[in-house]
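For the numbers below, each heavy atom of this structure counts, side chains included, while hydrogens, waters and symmetry mates do not. Positions are given from 1 along the sequence.
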Amino acid sequence: MFANVEQATAEIDKYAAKEVKLVADHREAVAGVSAAEMSAGEALLDAPEGESAATAVEQIVRAKSGVAAIDASIRACRARRLEAIKGKIAAEAAAWHKRADEARAEQDRIMAKTKKHLDALKQLEGVEFIPASTLKSSTLGTRAFGCEDKAVRLEAAGVPRNGGAQLDDVTSAVPLVEMVLRHESDGPSAQEVFAWAAACDPDDRFGNLPRSFRVTWHDCVIDYRDSYCQVAALAPSAGISIYTMKDLGPDMAQAIFRAPVSMQPVPRVIKMAAPAPKVPTAPPITDPVPVGGGLTIDQYLGQEYGRRWGAEQSEEEVRS
């Protein structure tokens, strides 16, 4: 998919920037729909009796079509970003596989050279060679195992659905959105991050004040209970110390703002296909298996040799 990790990382950054741009375009397009509806309404109001409203309706349809096109573009952008993250994981796993192969190859090369010398030493001395320290070939084997284990873990884990971002001293949510979109996980969309940031400031008090963000997400959506925005300039005074009679400074705990938990989106649940049920089958008919002392299971249980599961019984067995 991608030649290396650097190429995949560049793709993630590219689509993160594109999504931010598309969200801004979407906002303008939505405003254009409202403007088109207002303009069409005024045109119809002032139009002579019996004049067709087709032109005004077409303007609204075109504006709404533009919004729908941007929505589709955002979805495609997020899908490509997710593929880029998968590609980076695959590239990282391939790199670990390569390191493991290189370590094993070097281990095999060393062991092939030392084997004849160790065999000769054993014949001369009559004892096995016991190294005083860890052999280089053993270290290479351990390294190969560790690299292979990392590769397998990356491949098995897939794209993370949880993550977090921390950002200080910014004057808008745009840098936060860019950081979240560059996080290598299936996290919240740009629109969801902007909506959360707006919910933290419903009265529009932050303006251009510097602020800090702490955001976490689980199952691809922001956790409103754990995430918050802190605006130091809005912190009230903590009062006067009763011991020193000096100002305690701002109470930073009162400068933390959170979005209402009731507004948190529903986690994106991925439906896993259930495995096909296993149909029980009858055990295969095999020859009697010897147990102890050369006896078969039938003989061990006191039955005639050669009895089979499902075989017909003799007349003597039926009468008994």
For the student: nearest non-hydrogen atoms of Arg78 and Gly187, plus distance: NH2-O, 2.9 Å

Cluster companions of Leu234 among Ile, Leu, Val, Met, Phe, Trp, Tyr (side-chain spacing under 4.5 Å): Phe206, Leu209, Val231, Phe257

Member of Arg81, Arg80, Lys86 meeting the salt bridge (Lys or Arg N to Asp or Glu O under 4.0 Å) criterion with Glu83: Lys86

Using atom types as modelled, flag every donor-acceptor pair under 3.5 Å from a side chain in residues 135-144 to any protein atom, sequence neighbours excluded.
residue: Thr139; atom: OG1; partner: Leu135; partner atom: O; Å: 3.2
residue: Thr142; atom: OG1; partner: Ser138; partner atom: O; Å: 3.1

Arg27 to Phe194, cation-pi by 6.0 Å centre distance and 45° axis angle: yes

Exercise: identify the closest heavy-atom pair between Gly164 and His183: O-CD2, 3.5 Å

Close side-chain approach of Ile256 to Cys229, heavy-atom, < 4.5 Å: no

side-chain contact (heavy atoms from CB on, under 4.5 Å) assessment of His26 paired with Gln191: CA-CA 10 Å; His26 184 272; Gln191 292 167 317; 3.8 Å; yes

From His117, Lys122, Lys115, Lys116, residue fulfilling side-chain hydrogen bond (donor to acceptor under 3.5 Å, both in side chains) relative to Asp119: Lys115

Same cluster (ILVMFWY, side-chain, under 4.5 Å), Val180 and Val174: yes

For Ile70 against Leu22, the heavy-atom pair lying closest together: CG2-O, 3.5 Å

Pairs involving residues 193-211, ordered by first then second residue, that meet side-chain hydrogen bond (donor to acceptor under 3.5 Å, both in side chains) (sequence neighbours left out): none

Salt-bridge contact Asp25-Lys18 (side-chain N to carboxylate O under 4.0 Å): no

Minimum heavy-atom distance between Arg161 and Trp217, given as atom pair plus value: O-CD1, 3.8 Å

Cluster overlap Met179 with Val215, hydrophobic side-chain contacts below 4.5 Å: yes

Glu37 side chain near Lys64 side chain, heavy-atom distance below 4.5 Å: yes

Among Arg99, Lys98, Arg104, the one residue meeting salt bridge (Lys or Arg N to Asp or Glu O under 4.0 Å) with Glu148: Arg104

Shared hydrophobic cluster, Val23 / Val193 (ILVMFWY, side-chain heavy atoms < 4.5 Å): yes

For Ala151 against Trp96, the heavy-atom pair lying closest together: CB-CB, 3.7 Å

ILVMFWY cluster, Leu82 and Ile12 together (side-chain gap under 4.5 Å): yes

Glu155/His97 under side-chain hydrogen bond (donor to acceptor under 3.5 Å, both in side chains): CA gap, chis, key distance, verdict: CA-CA 11 Å; Glu155 293 168 338; His97 281 305; 3.1 Å; yes

More than 12 heavy atoms from other groups under 6.0 Å of CZ on Arg258: yes

Any side-chain heavy-atom pair of Pro188 and Val221 under 4.5 Å: no

salt_bridge(Arg153, Asp149) N-O dist < 4.0 Å: yes

Taking every non-hydrogen atom, the tightest pair across Gly158 and Ile89: O-CD1, 3.4 Å

Single-linkage hydrophobic cluster, 4.5 Å side-chain cutoff, Val159 and Leu154 together: yes

